[in-house]
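All values derive from a computational prediction rather than experimental measurement.
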Amino acid sequence: MCGFVSILSKNHSVESNRLNLGLKALHHRGPDGQNTWVSDDKKIGLGHARLSIIGVSNGTQPLSSMDGSINAVVNGEFYGYREIRDSLVEKGYRFKTDSDSEILLYLYKEYGTDCLKYLRGEFSFCLWDAEKQQFFAARDRFGIKPLCYSIQDDGIYIASEAKALFSMGIKAKWNHEAYYHTASMQYTPQDQTLFENINQLKPGHFIIADDNRTLIKKYWDLDYIKNQPDSNEIDPNVITDFHDILEKSIMERMISDVPICFHLSGGLDSSAVLGMATNIAGKSQTAFTVSFEHDEYDELEQAQDTTDMLGAELNVVNVSQKDIVNALPDAVYHAEGMAINGHLAAKFLLNTAINEAGFKVALTGEGADECLAGYPHLRQDLLGNTNDARMSDNSASLGVMMPYGDELSLDAVNKRLGFTPSFLKAKAGFGYRFHQVLSSEFKNDNIGRDVFAELMGNIDVEGQLQDRNKVDQSLYLWTKLALANYILRSIGDGVEMAHSIEGRLPFLDHVLFEYVAKLPLNYKINNGIEKFILRNSAKSYISNAVYKKQKHPFMAPPLVHFNDPGLHEMINDIVHSQNFKTIPFFDAKLIKDKLEKCQELSDQEQKAFEPVLMTILTTAILHERYKL
């Protein structure tokens, strides 16, 4: 896992110095070496910051084909690369390195942009074809690895993170359009960032550019099964097949020339990954878990039960409320986005500990809920009401994933789909509360905008949602919004690569996902039990308590609810600072009034206000750290 920069110049003016400035900003992504390549005519330049994991001794990038006609930089991992490499050798291709990344060069030579069909893993890359004078860049199917770009008068600038583009000369400014979208539903539009003139390539898409055109195309989508029949039957062979595909996915992600470790919570997903990996390896593994001060949010006991059962080494990262506030500025800087909860800072501290222990690779359970319909709001969509008894223990999700209180209008969603996904109701509730602290000037600038109508206008409803069941429709929208733009970018890659940690996600293997997407819903949610197929395929690797446990999102104790005088003072310092006064979105008086009245709110009202408070604080941090 690494970082890269690229410049495709219209006036043949690429200089290594400019690439190096971008790489310097990405040192955390690639502390093991930075290198650049610039074409002789200075039309194209590639830069790479390396985190050496596969082919440690000879996997330096940028990569170059044997004949020098193809040059590329890659961020991520290609799984199954050994088999692909062997097949390419049989076709006559020769390799310079032991790196998995090098297969890209010859897959492209063989198949052109169709090479993406053969790539399995977490990746983004840039490639230059000198013979065709064509630039080719792509991002993996789910958006695990980031790719930002800016189209300027003098060319196209691409980087793994926006901060590298700033270092290469792109001015850092707020994207007011995207911020209003975020203020209304938490997430930026799929192809935008919070920064003006800096876009992100959508998951499952690629860019082709030459002297005459710049095209962005989709090469993959979720493609849930249409007209899914109602069924309560469970075929044991399906459980076995799922087990084998997941085992293969985990096995591929355990391949590394450096030691690996595991993120572990008290839940099913990470426990199943650790359990199956222990069985694959035939020896104990090393896991890291976060422990919070407040019992409602702490899962240490369950994590300890899992590691005791598996004989794994458990490293506990104790995170206090003060730790969250202290770590938040650096976490936000690296995530390049806002947070709705202290879990961003907690994940940052978790990966700090992993780095300090000497690890570069961590397998996680992220993506299981998207693959297997694990969230409580999906059960709510399935039932059409909130009477599921299993939802009663999910108070932490109210106002975050599940509806709470008044909402912005969702008429556009309901009209387009015939129903409104529960998580979008929750996000509209967030937007309703957040709009109460926006300045009248900012709201006036956006009069008449309906971000939920904009969302539906940018979704392929006919191709991807029509004739699918409600759960799969909700999952599609969640995966495109929450997973790609928040879970993977901010609380995943952002805070992992901040500490040079490569996160590997077995559940977001497209082969596994495509298999599950064609299964009847009862393999995912069965009699109110979520992730049924995973529970039963991994039963022998997990504790009985984990097997029976309901899904709980990874959430830190809310600062607004569990607050002491010291923390309250720190929050007030941010809100009363000179930096805060220059943010172009807020009414400072309304925010101060809200904070003063926080302690008068009920427990659930405080929890529902937490995403608003955290978004305010993290906006202030972004504004200051990037001098926006």
Side-chain angles (χ1 to χ4, degrees), residues 185-187 222-234 368-433 450-453 455-456 459-462 464-483 516-535 549-553 604 607-608:
M185 60 177 301
Q186 187 191 333
Y187 311 117
L222 306 184
D223 290 333
Y224 290 107
I225 187 172
K226 290 185 177 181
N227 301 311
Q228 189 176 123
D230 291 333
S231 174
N232 291 317
E233 293 184 9
I234 296 295
D369 293 307
E370 286 73 22
C371 184
L372 300 164
Y375 292 112
H377 59 80
L378 298 170
R379 294 199 307 278
Q380 190 175 60
D381 291 333
L382 179 64
L383 295 169
N385 58 57
T386 59
N387 293 330
D388 182 358
R390 287 170 59 83
M391 292 180 189
S392 61
D393 294 329
N394 250 298
S395 64
S397 295
L398 290 176
V400 178
M401 295 181 179
M402 295 172 66
Y404 181 85
D406 293 329
E407 303 162 355
L408 298 179
S409 173
L410 287 158
D411 289 347
V413 177
N414 193 60
K415 182 178 180 180
R416 198 79 172 89
L417 301 182
F419 84 108
T420 303
S422 295
F423 92 89
L424 282 183
K425 293 181 181 179
K427 298 311 173 184
F430 161 83
Y432 181 88
R433 290 183 285 276
D450 181 345
V451 300
F452 292 97
L455 168 66
M456 298 315 299
I459 293 291
D460 180 10
V461 174
E462 287 71 26
Q464 290 294 320
L465 300 184
Q466 197 169 46
D467 299 324
R468 274 75 170 191
N469 66 55
K470 290 181 178 180
V471 170
D472 286 343
Q473 290 185 59
S474 295
L475 266 176
Y476 184 91
L477 294 168
W478 174 271
T479 300
K480 297 298 182 180
L481 295 171
L483 181 69
V516 174
K518 304 307 179 188
L519 294 177
L521 184 58
N522 63 302
Y523 284 95
K524 302 173 188 177
I525 305 175
N526 191 293
N527 292 322
I529 299 173
E530 75 274 8
K531 292 180 286 196
F532 179 85
I533 193 171
L534 175 60
R535 289 180 193 277
K549 188 181 179 186
Q550 180 186 4
K551 167 68 183 180
H552 284 267
Q604 189 53 60
K607 291 176 182 177

* Ala373 and Val471: which non-hydrogen atoms are nearest, and at how many Å? -> CB-CG1, 4.0 Å
* To do: Taking the side chain as every heavy atom from C-beta outward, state whether Val451 and Leu408 have any pair of such atoms under 4.5 Å apart.
  => no
* **Verdict with supporting geometry, Val461 and Leu465, side chain to side chain contact (heavy atoms under 4.5 Å, CB included)** => CA-CA 5 Å; Val461 174; Leu465 300 184; 4.2 Å; yes
* How close do Leu481 and Met185 get, heavy atom to heavy atom, and via which atoms? -> CD1-CE, 3.8 Å
* To do: Rounded to the nearest 0.5 Å, what's the gap from NZ on Lys415 to CG on Leu410? Could you check?
  => 14.5 Å
* How are the rings of Tyr187 and Trp478 set to each other: parallel, tilted or perpendicular (split at 30° and 60°)? -> perpendicular
* Asked: Is Thr479 close to Leu483 at the side-chain level, that is, under 4.5 Å between some pair of heavy atoms?
  -> yes
* Asked: Can you find a pair of side-chain heavy atoms, one from Arg433 and one from Tyr404, that are under 4.5 Å apart?
  -> yes
* Asked: What pairs with Asp223 under side chain to side chain donor-acceptor pair (under 3.5 Å), at least two apart in sequence or on another chain?
  -> Gln464
* To do: Answer whether the closest heavy-atom distance between the side chains of Lys470 and Leu417 falls below 4.5 Å.
  => no
* Passes side chain to side chain contact (heavy atoms under 4.5 Å, CB included), Leu475 versus Leu222? Steps please. -> CA-CA 10 Å; Leu475 266 176; Leu222 306 184; over 6 Å; no
* Could you tell me whether a side-chain N or O of Asp381 sits under 3.5 Å from a main-chain N or O of Ser422, the two making a donor and an acceptor? => yes
* Structure fact -> Smallest heavy-atom separation, Cys371 atom then Val516 atom, equals O-CG1, 3.2 Å
* Asked: Any idea which heavy atoms bring Gln473 and Phe419 closest together, and the distance?
  -> OE1-CE2, 3.6 Å
* Search all heavy atoms of Ala412 against all heavy atoms of Phe452 and return the closest pair with its distance. => CB-C, 4.3 Å
* **Interatomic spacing from CG in Asp460 to NZ in Lys480 - rounded to 0.5 Å** => 9.5 Å
* **For Glu462, all residues meeting salt bridge (Lys or Arg N to Asp or Glu O under 4.0 Å), sequence neighbours excluded** => Arg416
* Asked: Could you state the interatomic distance from NE2 (His377) to NZ (Lys551), rounded to the nearest 0.5 Å?
  -> 9.5 Å
* Say you draw a straight line from CD of Gln186 to NZ of Lys427; how long is it, rounded to the nearest 0.5 Å? -> 3.5 Å
* To do: Find the distance between CE (Met456) and CG (Asp411) and round it off to the nearest 0.5 Å.
  => 13.0 Å
* Sole residue of Thr420, Leu378, Asn469, Leu382 in side chain to side chain contact (heavy atoms under 4.5 Å, CB included) with Ser474 -> Leu378
* Asked: Can you find a heavy atom in the side chain of Tyr476 that is under 4.5 Å from one in the side chain of Arg468?
  -> no
* To do: State, yes or no, whether a side-chain contact exists between Phe423 and Leu477 at a heavy-atom distance under 4.5 Å.
  => yes
* **Under-4.0 Å salt bridge between Asp472 and Lys524** => yes
* Can any side-chain N or O of Gln228 pair as donor or acceptor with the backbone N or O of Leu521 at less than 3.5 Å? -> yes
* Asked: Would you say the side-chain atoms of Asn232 pair up with the backbone N or O of Asn522, donor to acceptor, closer than 3.5 Å?
  -> no
* Asked: Is a salt bridge present between Glu530 and Arg535, judged by a nitrogen-to-oxygen distance below 4.0 Å?
  -> yes
